[in-house]
Colleague: 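Supplied in structure tokens, the structure appears directly below.
Residue numbers start from 1 in every chain, and the chains themselves are labelled A, B, ... in the order their sequence lines are given, proteins ahead of strands.
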Amino acid sequence: MKNPIIEVHNLTVSYNKRPVLWDVDYELPPGQLIGVLGPNGSGKTTMLKTIMGLIRPDSGFVEVMGKKLDEVRDKVSYVPQRESVDWDFPANVMDVVLMGRYNPKHMFRRLSKEDRELAVAALEKVNMLPFAERQISQLSGGQQQRVFIARALARQADLYLMDEPFAGVDAASEESILELLTGMKAEGKSIMVVHHDLQTARNFFDWIILLNTSLVASGPVNEVFTEQNLQAAYGGKLTVLSQIADLVASKAFPLREKGLQDREKL
Amino acid sequence: MNEFYTILTGSLVAISCSLLGSFLILRKMAMVGDAISHAVLPGIVIAYLLGETREMIPMLIGAAAFGVLTTVLIELFHKKARLQTDASIGITFTFLFALGIILISAFAGQVDLDQDCVLYGDIAMVPLDLWITDAGLNLGPRQVWILGVNLLVVLAFILIGYKGLFITTFHEEYAATVGIAAGFWHYSLMSTVSLTTVVSFESVGAILVVAFLVVPPATAYLLTEKLPVMLGLSALFGVISAILGNMLATWLDGSIAGAMTAVAGGLFLLTFLFSPKQGILMRLKFR
């Protein structure tokens with residue numbers, strides 16, 4: 001592939017010696033809406049976090065725009081899962097969106113007028129400008145999600161990695177987020193989205209990565225959505241067995257239940 | 001005059017502690033101050049054994065070093081062993097505190113240290129330890145100067161580092177993806193907390209330090225949803241607790257630190273009941 005936006009090679013990531021990603025290898029074309037799909041616990045979030053340098057892989061490596069992430073960090077923007085923060089934190093919408101303008105080289109400097117203008121523009125794009133002064137504790141799920149997306153937009157990146165931006169949002173928010181992503185793609189941005197819904201994925205994305213710890217398939221949406229691939233990712237005895245294993249584990253060690261849930265999120 | 005110095009000491013501790021405590025409770029690490037105030041014991045003993053003096057500076061250094069070590073261990077157990085922070089805090093400070101006790105009992109003959117004195121410094125004693133220059137000039141209580149300098153350090157740290165503290169407290173992981181050194185901010189905050197705890201409990205006792213780290217910030221948290229306002233309010237509640245606490249202690253002729261802590265708790269209770277936004281009474285009224 002020519003000038004891949006993301007390259008992942010022989011990537012293996014484990015958690016407590018249990019592999020979450022196993023020898024994953026793919027390249028992604030730039031300027032596309034890319035969906036990452038797979039059952040719960042298939043390593044989707046782990047993969048995004050590994051690309052963002054939050055998790056160190058056991059083996060393999062990741063390149064973004066042909067370089068190490070640190071060299072192109074300014075051009076990459078990350079939208080974490082909505083549940084990963086405490087929304088009762090004392091901050092308003094503007095405070096959060098402005099975080100997108102924080103630059104590690106200028107941590108002791110005040111934000112500029114331009115930073116504020118970019119934050120306002122980002123809020124406008126997600127139709128949240130009227131809520132700029134609203135406390136984040138008073139937002140609906142869809143609004144929280146749009147605030148996170150606005151924060152990512154404020155970074156003016158070329159590549160966006162979003163973890164479940166459609167999770168728990170109402171139909172109106174879903175539509176406006178999708179519209180926004182399509183618009184960003186038209187501007188030449190590359191967007192990689194972790195998604196949980198097979199039904200909508202076919203219409204949302206140009207390119208699909210199917211994961212189930214190992215890479216099942218990566219390619220244009222029509223090529224990937226075959227019966228065989230979906231069976232490999234979602235069906236099959238392997239998944240059922242691992243579900244039973246999880247169930248037994250959770251019954252055997254009730255105190256660890258929270259840990260298991262966390263692990264599923266990874 | 002003594003009363004003035006008591007209130008001043010209490011207020012200096014209150015402001016430093018409640019400003020830092022605001023970040024701690026938002027990071028869900030409120031009890032880290034409690035941990036530090038106990039875990040520094042071996043540091044104090046070791047400093048004493050090495051230096052064979054009860055000079056304050058070596059002891060402060062020993063204590064502060066163990067304070068930082070405490071926060072490093074807490075973070076290590078939390079991140080590497082994936083323990084919950086509260087469990088990790090519990091393990092670290094009981095272990096280090098026990099180490100201190102063992103050191104004291106093992107070297108009992110050589111250590112002229114009173115555990116009670118280390119842990120429960122007495123605010124009533126502060127006005128007695130005056131800083132008198134060689135020329136005979138009376139500059140007031142030594143502790144007031146130390147606590148004043150510490151407050152300046154805390155204020156400078158929060159003002160200069162506000163952005164870093166804000167983003168890493170809100171979401172450490174996101175901060176890391178932007179390229180911000182989350183670890184740097186974590187340990188800067190923890191070192192400042194460690195320093196503040198050490199210099200404060202020496203003058204006012206551990207309980208009051210822990211109370212000021214947690215209670216005024218928690219009270220302010222109930223009243224506002226803006227971080228700068230929360231910082232200001234918690235400092236204010238801290239100072240009010242110091243002033244009213246001193247009055248209460250005089251009236252009862254009782255423990256000053258106890259009274260200040262009790263007032264801080266009382267203010268929290270009042271806020272809990274009557275806060276316009278989250279108060280129980282308001283919620284009942286609008287149900």
Colleague: CE/A/M99 to CZ/B/F170 distance, rounded to the nearest 0.5 angstrom?
Modeller: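 Result: 5.0 Å between the selected atoms.
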Colleague: A/I136 versus chain B, heavy atoms under 4.5 Å apart: side chain, backbone, both or neither?
Modeller: side chain
Colleague: Run A/S84 and B/E173 through side-chain hydrogen bond (donor to acceptor under 3.5 Å, both in side chains) and show every step you take.
Modeller: CA-CA 9 Å; A/S84 60; B/E173 209 165 58; 5.5 Å; no
Colleague: With a sphere of 6.0 Å drawn around CZ of A/F61, does it hold more than 12 non-hydrogen atoms of other residues, nucleotides or ligands?
Modeller: yes
Colleague: Do A/R110 and B/Y162 meet the cation-pi criteria used here (NZ or CZ under 6.0 Å from the six-membered ring centre, within 45° of the axis)?
Modeller: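 Judged by the rule (NZ or CZ under 6.0 Å from the ring centre, within 45° of its axis), A/R110 is not positioned above B/Y162.
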Colleague: With rounding to the nearest 0.5 Å, note down the distance linking NZ in B/K226 to CD in A/Q135.
Modeller: 5.0 Å
Colleague: Should the pair B/K163 and A/F108 be classed as cation-pi, given the thresholds of under 6.0 Å to the six-membered ring centre and 45° from the axis?
Modeller: no
Colleague: Heavy-atom cut-off 4.5 Å, strictly under: side chain, backbone, both or neither for B/F166 against chain A?
Modeller: both
Colleague: Does atom NZ of A/K67 have more than 12 heavy-atom neighbours from other groups under 6.0 Å away?
Modeller: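 No, not enclosed.
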Colleague: Under 4.5 Å, heavy atom to heavy atom, which residues of residues 86-97 of chain A contact chain B?
Modeller: A/D86, A/D88, A/F89, A/P90, A/A91, A/D95, A/V96
Colleague: Is any residue of residues 146-158 of chain B within less than 4.5 Å of chain A by heavy atoms, and which ones?
Modeller: none
Colleague: Give me the atom names and distance for the closest heavy-atom approach of B/G179 to A/P104.
Modeller: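 Residues B/G179 and A/P104, closest heavy atoms: O-CB, 3.3 Å.
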Colleague: Check each atom of A/S77 against the heavy atoms of chain B and say whether the ones under 4.5 Å are side chain, backbone, both or neither.
Modeller: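 For A/S77, there is no contact with chain B at all, as no heavy atom is under 4.5 Å.
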Colleague: Once rounded to the nearest 0.5 Å, what's the spacing between atom CD1 of B/I160 and atom CE of A/M107?
Modeller: 13.0 Å
Colleague: In terms of heavy-atom contacts, does CD of A/E114 have more than 12 from other residues, nucleotides or ligands at under 6.0 Å?
Modeller: no
Colleague: Please report the closest heavy-atom contact between B/T177 and A/R73, naming both atoms and the distance.
Modeller: O-NH1, 3.0 Å
Colleague: Which heavy atom of A/G100 sits nearest a heavy atom of B/Y174, and at what distance?
Modeller: CA-OH, 3.7 Å
Colleague: May I ask you to name which of B/T169, B/V229, B/V178, B/L227 has the most heavy-atom pairs under 4.5 Å with chain A?
Modeller: B/V178
